[in-house]
Amino acid sequence: MAGNYWLFKSEPGAYSYEDLVRDGVAEWDGVRNYQARNFLRDRIKNGDQVLFYHSNAKPTAVIGTAVVVKAGYPDDTAWDQNSDHPDPKSSPDNPIWYMVDIRPLDRFSKEVTLQDIRNNPLLEDMLLLKKGGRLSIQPITEQQYCTICKMGKC
DNA sequence: GCCAACGTTGGC
DNA sequence: GCCAACGTTGGC
């Protein structure tokens, strides 16, 4: 299988890996950044594998893996005024924002912290480490994915 | 809580 | 189309 690999960021206070395990399947909604939207809409496919990263956490780290179970489709929370992130410019007829569904795979027995990633020369090219690597959805390589999985002993 | 680095908005 | 102001992200 020639799927793609991604890193999804989430603030654990908003939605943690534990929440994903509890829910079983999560709609990855609320992404309001065009670059990330393009990935969600055009590139992320069923079966793609995902590293789940906790940002704004102690420590900031990759917690586990997940798999995409539904490719990009319109984010209907955008036109729900009661949602956490409504956008009046988006509508069912003309959706601006997209989301995917993911399901948890393996929780790491050891969190892979940002510092661990920095310290591994194999991972020096990751967007996460670049200045301004704030994108909440980042493409990663298979090698980067596998390296981090091994570090997390999953 | 601070602040650097971005993205977005809006006046012109 | 430029760019200043503003909001957000996210590490520390």
Side-chain angles (χ1 to χ4, degrees), chain A residues 4-23 26-44 48-68 72-102 104-141 143-145 147-154:
Chain A
N4 289 314
Y5 297 85
W6 308 95
L7 181 141
F8 282 19
K9 285 185 198 170
S10 185
E11 299 192 21
Y15 197 83
S16 69
Y17 194 77
E18 286 73 21
D19 292 329
L20 177 62
V21 170
R22 183 201 61 213
D23 292 343
E27 295 182 340
W28 206 254
D29 63 16
V31 174
R32 297 291 180 265
N33 169 283
Y34 284 104
Q35 218 179 330
R37 185 282 309 269
N38 291 344
F39 288 136
L40 287 170
R41 187 187 57 188
D42 305 331
R43 304 279 311 281
I44 302 184
D48 281 3
Q49 286 178 262
V50 171
L51 295 177
F52 198 107
Y53 177 83
H54 278 176
S55 63
N56 266 321
K58 294 178 203 153
T60 56
V62 177
I63 302 297
T65 58
V67 61
V68 175
Y73 61 105
D75 181 349
D76 56 19
T77 67
W79 50 81
D80 177 0
Q81 288 309 305
N82 298 317
S83 79
D84 292 334
H85 13 63
D87 180 354
K89 293 195 292 296
S90 189
S91 70
D93 290 337
N94 192 16
I96 298 175
W97 305 112
Y98 283 72
M99 59 184 172
V100 299
D101 289 357
I102 62 173
L105 277 183
D106 294 307
R107 192 190 210 291
F108 289 173
S109 54
K110 176 184 173 305
E111 296 182 1
V112 179
T113 66
L114 186 61
Q115 201 56 51
D116 294 334
I117 294 172
R118 277 218 178 87
N119 290 339
N120 190 331
L122 287 176
L123 303 173
E124 64 183 0
D125 290 331
M126 286 189 71
L127 283 179
L128 189 64
L129 304 182
K130 306 284 182 191
K131 192 158 57 166
R134 298 190 316 175
L135 201 55
S136 62
I137 293 182
Q138 304 182 356
I140 58 177
T141 66
Q143 190 202 30
Q144 288 163 349
Y145 181 90
T147 301
I148 289 179
C149 271
K150 278 180 200 145
M151 292 163 75
K153 298 180 182 146
C154 75

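What you see is a predicted model; the values in this text were computed from it and never measured. Protein chains get the first letters and strands the later ones, always in sequence-line order, with residue 1 at the start of each.
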To the nearest 0.5 Å, tell me how far A:Asp23 CG sits from A:Glu18 CD.
->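 Atom-to-atom, A:Asp23:CG and A:Glu18:CD are 11.5 Å apart.
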Show me the protein contacts with nucleotides 8-11 of chain B, counting only N or O atoms at under 3.5 Å.
none

Only one of A:Arg37, A:His85, A:Arg32 passes side-chain hydrogen bond (donor to acceptor under 3.5 Å, both in side chains) with A:Asp75; say which it is.
->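 Result: among A:Arg37, A:His85, A:Arg32, A:Arg32 is the only option passing the side-chain hydrogen bond (donor to acceptor under 3.5 Å, both in side chains) with A:Asp75.
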Would you jot down, in residue-number order, the residues of residues 127-138 of chain A having a non-hydrogen atom under 4.0 Å from DNA chain B?
->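 Hits under 4.0 Å, by residue number: A:Lys131, A:Gly132, A:Arg134.
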Hey, is A:Arg43 close enough to A:Asp48 for a salt bridge, meaning N to O under 4.0 Å?
->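 Salt bridge absent between A:Arg43 and A:Asp48.
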Go through A:Ile117 and A:Ile148 one step at a time and tell me if the side-chain contact (heavy atoms from CB on, under 4.5 Å) criterion holds.
-> CA-CA 8 Å; A:Ile117 294 172; A:Ile148 289 179; 4.1 Å; yes
Grab the two heavy atoms, one from A:Ala78 and one from A:Trp97, that are nearest each other, plus how far apart they are.
->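 Heavy atoms of A:Ala78 and A:Trp97 come nearest at CB-CD1, 4.0 Å.
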Looking at A:Trp28 versus A:Tyr98, is the centre-to-centre ring distance below 6.0 Å?
->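 A:Trp28 vs A:Tyr98: aromatic centres not under 6.0 Å.
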When the aromatic ring centroids of A:Phe8 and A:Phe52 are compared, is their separation below 6.0 Å?
->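 They do not qualify: ring centres at least 6.0 Å apart.
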Between A:Gln144 and A:Tyr5: side-chain donor-acceptor atoms closer than 3.5 Å =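 No, A:Tyr5 and A:Gln144 have no side-chain donor paired with an acceptor closer than 3.5 Å.
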Between A:Asp80 and A:Thr77, does any side-chain donor sit less than 3.5 Å from a side-chain acceptor?
->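 The criterion, which ignores hydrogens and geometry beyond distance, is not satisfied for A:Thr77 and A:Asp80.
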Backbone of A:Leu51 reached by a side-chain donor or acceptor of A:Thr65 within 3.5 Å |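 Looks like no, no N/O pair under 3.5 Å.
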Which parts of nucleotides 1-6 of chain C does protein reach within less than 4.0 Å, heavy atoms only, written one letter per nucleotide 5' to 3' as B for base, S for sugar-phosphate only and - for none?
-> ------
